[in-house]
Structure formats: C-alpha cells, structure tokens
Amino acid sequence: MSKIRFHALQELSNRQPLEVTTPSDKLSDYFGCNVFNRKRMQEYLPKEAFNAVMEAIDKGSPISREMADLIANGMKSWAKSKNATHYTHWFQPLTDGTAEKHDGFIEFGTDGCDVIERFSGKLLVQQEPDASSFPNGGIRNTFEARGYTAWDVSSPAFIVDQTLCIPTIFISYTGEALDYKTPLLKALSAVDKAATKVCQLFDRNISKVYANLGWEQEYFLVDLALYNARPDICLTGRTLMGHSSAKDQQLEDHYFGSIPPRVTSFMKELEMECHKLGIPVKTRHNEVAPNQFELAPIFENVNLANDHNQLVMDIMKRIARKHKFVVLLHEKPYEGVNGSGKHNNWSLCTNTGINLFAPGKNPKGNMLFLTFLANVLMMVYKNQDLLRASITNAGNCYRLGANEAPPAILSIFLGRELSYTLDEIVKNTDTSSLTSKERTTMKLGIERIPEILLDTTDRNRTSPFAFTGNRFEFRAVGSSANCAAPMIAINAAMAHQLNSFKKEVDSLTEKGIGKEDAIMRTLKETIRASEPIRFEGDGYSEQWVKEAEKRGLSNISHVPQSLMHYADTQAKEVFLKEKIFNETELQSRLEVELEKYTMKVQIESRVLGDLAINHIVPTAVKYQNRLLKNLMGLKEIFPEEEYEVMSADRKELVKDISKRVTAIKVLVREMINARKVANQITSHKDKAFAYEETVKPYLDKIRDHIDHLEMEIDDEIWPLPKYRELLFTK
Ligand code: ADP
Ligand code: MG
C-alpha cells in the first residue's frame with residue numbers, strides 16, 4: 001500500500017476550519033492600520049516633512065537629506081509603536097512574483113530588536129543590497145556587481161511580520177533597471193504626458209492623467225498534506241501527471257457555489273490581513289474549476305495596485321499554510337480543468353475626474369471618449385506581439401489557446417452596438433476630406449454612444465482584450481504574473497500611440513485645417529485602420545483562428561518565439577522612443593525571460609524523469625508481478641481450456657503495462673539526451689528554442705503513458721494523490 005498518499009488522505013480527513021476574528025466589527029476601525037499613509041504621516045511627521053512627501057508624491061519633487069532624516073525618524077516612531085523590529089527595502093526583481101517572491105524581502109542585520117534604531121534618512125532613501133543572485137540578463141556581469149534600491153514615495157511603507165517594508169525601485173550601479181517597478185513608473189509617466197496632451201485638445205483644464213488597475217487574482221487551493229505527497233506540485237507548481245477525475249468541472253457546480261468552511265475561514269483571514277494593509281479587496285468567490293477561487297480589490301492607481309497584488313500573492317501563501325492549505329498560483333496546475341488568470345482591468349482617468357474610457361455627458365465628452373477608444377484599438381492592433389510577449393511565460397502557455405482561456409491571438413471586443421457605431425462613423429473611407437453631411441453623421445453617431453453603453457449585458461468572456469463599459473480588461477494575463485509586465489507594455493504602447501495621434505492632428509492643423517476637423521479625420525483614419533483587431537464573435541472557436549489569419553493577425557503559441565517580440569522592431573519603437581528602456585535594458589529583459597523559460601522546462605523535465613523512473617515504473621512492475629503470480633496460480637489450478645478463457649484479459653493487461661514501462665524508459669532516456677544537447681548551447685535564445693522544440697514535447701508523451709498506467713494499476717499501491725483527491729478535498 002502506498003504509505004505517503006494514504007497518510008496524507010488520513011491527515012486531511014481530520015481537518016477543521018480555523019476560528020478567525022477581526023479586530024473590530026467595523027472595517028474602518030482597522031483598514032490600513034499597518035500602512036504609513038497620509039493620516040499617519042500627518043500624525044508622525046513635522047509639517048515641513050509631511051509637505052515634502054506630498055510634493056514628492058504629487059509633483060515628483062526630490063526630497064532633501066534633511067527632510068529624509070525627519071521622515072525616517074517619523075516612520076521609525078510609527079513602526080516602533082506597531083512593535084516592528086526590522087525594516088527592509090521591498091522591491092520586485094525579475095523573478096516571478098510567486099515562489100521566489102520572498103527574495104524581495106532582504107533583511108539587513110540579524111541583531112534583533114535594535115536594528116530599526118539605526119534607521120536614518122540615508123537608509124530610507126537608498127540602499128545597496130548585495131543582490132547578485134537576482135536575474136539581470138547580463139547587466140551586472142558586464143558593468144558592476146552592485147545594485148541599488150531607492151525609495152518609491154508614491155507607494156506607502158507598510159508593516160508585515162514586525163518588519164517595516166519600504167517599497168523601492170531596484171537599479172544597477174550604472175542606472176539600468178533590474179526590476180519591474182522602475183520601467184512601470186516610466187511607462188505611467190509617459191502615458192500621463194501623452195494622454196494629457198491629447199486631452200488638452202479638448203479641455204485645457206486637464207493637466208494630469210492617471211492609469212488605474214483593478215486585478216482579479218485566480219488561484220487554486222490544495223491541502224498541505226496532499227501537496228507534500230506530490231513532488232511535481234512542490235517543485236514545479238503544477239501536476240506533471242494525473243489521470244482526469246471522473247467528475248471535474250462538467251457540472252459547473254463549483255462556480256459561484258457555496259464556499260467550503262475551511263476555505264471561508266482562510267479567505268476571511270486573508271481579507272482581514274489585506275484590509276489592515278490598506279488593500280481594498282472586495283470580492284471573493286469560487287471559480288469554474290473545483291478548488292479554484294478568485295479575489296479582487298477595488299481598482300487603484302497602477303503602481304499601488306501592482307504593489308498590492310504582489311503583496312497579496314505573498315500574504316495568501318503564508319495565511320494558507322496556517323489553514324493547512326497551499327496556494328497554487330501556477331496558470332495551469334491541472335490538465336483538463338480551467339487554469340488561472342489574472343484579468344487586468346485598465347483605465348485612464350484625468351485629474352478633473354473624467355474616466356477617459358467612459359462616454360461623456362455631452363458631445364465634446366463623447367469625442368474625447370471616442371478618441372481614447374480609437375487609440376486603444378490602434379495601440380492593441382499595432383502592438384499585438386508586444387502585448388503577447390509581455391504575458392508569455394512557461395505556465396501561461398498551457399492556458400492561452402487552450403479551451404477556457406483567450407487564444408494566443410490578440411483582439412478587442414467592443415460590444416456589437418458600439419462596434420456598429422464605429423463602422424457607421426467611418427463608413428465613408430475617404431478621409432482626405434469631410435463633407436458637412438459626413439460631419440453631421442459622425443457627430444450623430446458619437447452622440448448615440450452613451451445610450452448604447454447603457455446596455456452592459458453585451459459581454460464577451462472569450463475576448464482577450466474586452467471593453468467592459470468604462471475600462472478595458474486584458475484577460476490573457478497569467479495568474480502568477482507580475483501585473484507590471486503587461487502594464488509596462490500597455491501604458492508605454494498607449495503613450496506611443498497617443499503621441500503619434502497628436503502628431504497627426506498637429507500636422508493637419510499646421511496645414512490650416514480646423515482643429516475639430518483635424519481630430520475627426522485622424523479619428524476616422526485610426527478607427528478604419530485598426531478595424532482588423534475588432535472581433536465580436538467566439539474567440540475560442542476554430543473559425544476565429546482561420547479568420548484571424550485572413551486578417552493578418554498573429555497567433556503565436558511557441559513560447560520563445562513569442563518572447564522574442566519583446567525586443568522586435570515595433571517593441572523597440574515603443575520602448576526606446578518613449579524612454580522606458582534603453583537598448584541594454586531591453587535586451588537584458590528578453591534574456592532574463594528566455595533563461596527563466598529554459599530553466600522552468602528543465603526543472604519540469606528533471607522532475608518528471610525522476611518521478612517516472614523512481615515512482616511510477618517500480619509501482620507498475622510491482623503490479624505486473626502480482627498479475628504474473630496470479631496467472632501462474634490460475635494455470636496450476638485450472639485446466640488448460642478454462643485457464644485460456646480466464647487469463648485473456650489479464651495477459652493483455654500485463655502486456656500493456658510492459659509496453660508502457662518500456663516506452664517510459666525509452667522516452668525518459670531520449671528526453672535526458674535532448675536536455676544534454678540543449679545544455680551545450682550558449683545563446684539564451686537558441687537554448688530556449690531547443691527546450692521548447694526538443695525537450696518540452698517529451699513531457700506530454702511521457703505523461704500520457706503514466707496516466708494510462710494510473711487507470712490500470714491497483715489504486716491501493718498508486719503512490720501519488722490522484723486528481724479526484726487533489727481537486728475535491730475541502
Ligand atoms: P468581472 O469578474 O465581472 O470581470 P470583478 O468585479 O470581479 O468583475 O472585477 C472587476 C475589476 O475591475 C475590479 O478589480 C474592479 O475594481 C475593476 N474596475 C472597475 N472599474 C474600473 C475602472 N474604471 N478602471 C480600472 N478597473 C476597474
Ligand atoms: Mg473580469
């Protein structure tokens with residue numbers, strides 16, 4: 001009998017939900033109590049220091065050393081009042097925000113209680129962590145080994161586990177970005193500048209544009225004991241084998257069903273901790289797959305929302321442990337059931353309170369809305385490959401293009417009516433001039449927009465980039481991703497698109513064309529030219545794949561091929577021109593992603609090889625011997641004719657097991673050889689291609705044999721927890 005698996009099953013049968021009590025019945029009593037927010041700053045900082053921080057947040061003004069000392073002092077007093085003993089610069093290196101997330105928390109000094117005493121302005125503002133093991137794509141090999149962290153004033157400090165955490169950027173000695181936050185802040189600033197200029201064509205009062213992000217985090221929970229009995233989940237975050245359960249999500253009875261008590265108590269504690277950290281989590285529910293759930297906050301500005309998501313991914317893991325669960329943030333932990341995504345709801349909003357993705361209250365407002373809408377269409381159309389590259393990773397590739405997730409083709413859903421209105425607006429394809437009749441039709445069309453948008457029932461869940469009434473929802477993002485990756489690409493590309501739109505309008509007005517006409521013409525042309533990216537139908541269908549090909553849209557599910565577009569001509573046009581990255585930074589990012597991919601496939605291949613040879617094959621042989629013994633016994637007792645009848649099926653089984661055991665051994669040997677060959681390659685690109693094309697295919701081939709064996713072998717001796725156990729234990 002398989003000891004580990006049955007021990008695990010026994011252990012979890014005794015689990016009880018933990019008691020969770022909030023500090024107060026009123027959320028406002030403890031919301032943000034672990035955050036050094038404006039209210040606390042006012043309380044703990046001298047007025048001049050408080051003003052210096054506000055200036056820095058609102059206008060980006062630098063903070064002097066003298067002020068930094070005052071701020072550090074106030075922050076320290078507050079942290080000590082909350083019993084904090086340590087402080088750390090908290091940053092987001094280019095590792096995944098998941099398993100390696102803890103690397104981000106660097107402890108300075110180990111001498112316990114007095115560490116925080118030495119906290120000065122200098123230590124608040126800048127640090128020089130020895131962080132040579134973080135991915136850098138060669139930047140720090142060629143230049144300097146040192147990396148610097150610097151305070152990001154726009155994201156408030158907070159306390160976790162008695163440690164004061166200061167959100168920071170992470171850069172090399174020579175100033176190259178080594179993290180997600182640095183380019184994100186640059187992209188947000190670029191989109192602010194570009195969008196503000198476009199807004200000013202309509203409204204001179206607009207002087208700033210903020211980008212907002214509302215993420216929806218999907219995840220799986222698995223019982224701790226079962227998790228520990230599955231080396232593949234422990235080491236790779238997903239199951240590398242496992243026959244599908246007779247029942248999984250066919251009945252869709254988990255979706256929005258009642259949440260199991262142990263899970264409810266986990267969620268309750270998670271929400272409480274989030275609220276203490278000022279993270280406005282709001283919704284929780286079951287997702288489509290068994291044991292799959294979702295958590296979503298109220299949207300915030302992109303930088304803060306992303307810090308909050310990173311923090312949540314970390315906190316949820318720790319709280320899950322307390323409840324004897326493990327959180328799986330992998331995009332596809334189980335074959336055959338839905339994977340996990342992280343929808344990124346994105347919008348742009350002005351300092352005057354206008355949501356640029358919502359129709360206005362008057363025709364002028366509608367023009368503004370339409371302008372931004374059209375520019376999003378063009379942005380996605382021109383940057384399909386960049387957007388895809390920004391969300392491509394080793395896990396997400398099992399989700400994209402599979403049955404439940406958007407395909408590896410980018411398209412935008414607007415809703416039938418809105419799409420129809422756009423078509424009406426651009427019906428006359430001649431954009432060189434506008435007759436007064438055309439102008440009237442266009443205006444009428446634009447005026448109808450708010451009416452159309454009242455009907456929000458028109459939603460399409462199969463679109464990778466959907467307009468949902470007042471925001472765009474990028475659904476192709478994977479659950480383990482750092483949202484900064486897609487947000488850098490989207491906001492940088494949007495900045496670039498808005499700049500070229502503005503340039504076009506300007507060039508027309510310079511020719512003497514009136515401003516309104518110039519805008520209308522450019523708008524018309526933008527809508528017309530971006531038409532192929534609009535798709536209202538079923539994004540998961542076979543027809544769409546064919547249709548998209550006809551339209552010339554790209555469809556790339558080859559991981560390294562997709563990643564290469566992060567630094568292709570169009571990506572460079574965006575990133576270099578908008579000054580998000582320099583050439584070195586861009587190349588280094590690509591290398592980091594390629595290398596990460598190679599390493600993940602390499603680890604999966606090693607783990608599968610080990611499990612196949614050391615767990616599965618011996619179990620199969622053991623069972624085969626039992627069958628053989630049984631056959632010999634039958635042969636001894638029964639007359640020849642009867643024996644032949646009785647033994648037929650068992651002989652077949654012995655043969656099949658034998659065939660599969662041999663196949664597994666051969667395939668594992670071939671896979672190891674493929675790895676050896678790939679490992680000889682020095683270029684990151686060629687190596688990643690080799691892993692994708694020559695190593696990865698073995699994962700499925702080997703798995704297929706193992707999954708068949710799982711169906712054939714006695715349940716009592718099967719060593720690994722099965723899908724029905726992983727997915728259905730509460
Ligand atoms: P659904 O599952 O239907 O997509 P949810 O309510 O789960 O919707 O998630 C919607 C997300 O979109 C939330 O995070 C919400 O805060 C966010 N959101 C709502 N309005 C905006 C907006 N204008 N800009 C950005 N995000 C938004
Ligand atoms: Mg959504």
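Every number for a ligand or one of its atoms is a count from 1 in the order of the listing. Here the structure is a predicted model, which means the values were calculated and not measured.
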Do the rings of Phe293 and Tyr219 sit parallel, tilted or perpendicular, given the 30° and 60° boundaries? tilted
Those atoms of ligand 1 less than 4.0 Å from some heavy atom in Glu473: 4 (O)
Among residues at least two apart in sequence or on other chains, which ones pass salt bridge (Lys or Arg N to Asp or Glu O under 4.0 Å) with Glu218? none
Do Arg534's NZ or CZ and the ring of Phe413 fall within the cation-pi criteria of under 6.0 Å and 45°? no
Contact (N/O only, under 3.5 Å) between Ala296 and ligand 1: no
Could you tell me whether Glu216 and ligand 1 have an N or O pair separated by under 3.5 Å? yes
Under 3.5 Å donor-acceptor, Glu536 side chain and Gly415 backbone: yes
Under 4.0 Å, heavy-atom basis, I'd like to know which part of Ile298 is in contact with ligand 1: side chain, backbone, both or neither. backbone
Applying side-chain hydrogen bond (donor to acceptor under 3.5 Å, both in side chains) between Gln217 and each of Glu294, Lys342, His343, report the one that passes. Lys342
Judged by heavy atoms only, the candidate from Asn355, Asn345, Leu348, Asn470 nearest atom 25 (C) of ligand 1 is Asn345
Taking only heavy atoms of Pro297 into account, list the atoms of ligand 1 that are under 4.0 Å away from them. 13 (C), 14 (O), 15 (C), 16 (O)
Counting only heavy atoms, which portion of Thr468 has something under 4.0 Å from ligand 1: side chain, backbone, both, or neither? neither
Which part of Trp215 is near ligand 1, with near meaning a heavy atom under 4.0 Å away: side chain, backbone, both or neither? backbone
Is the closest N or O pair between Trp346 and ligand 1 shorter than 3.5 Å? no
Heavy-atom distances under 4.0 Å decide this one: backbone, side chain, both or neither, for Glu294 against ligand 1? side chain
Would you please test Lys276 and Asp29 for salt bridge (Lys or Arg N to Asp or Glu O under 4.0 Å) and show each step? CA-CA 9 Å; Lys276 287 183 187 169; Asp29 285 347; over 6 Å; no
Tell me which part of His343 gets within contact of ligand 1: side chain, backbone, both or neither, using heavy atoms under 4.0 Å. neither
Criterion ring-ring contact (aromatic ring centres under 6.0 Å, His included) against Phe535, the qualifying member of Trp544, Phe465, Tyr540, Phe467: Trp544
Do the rings of Tyr30 and His275 sit parallel, tilted or perpendicular, given the 30° and 60° boundaries? tilted
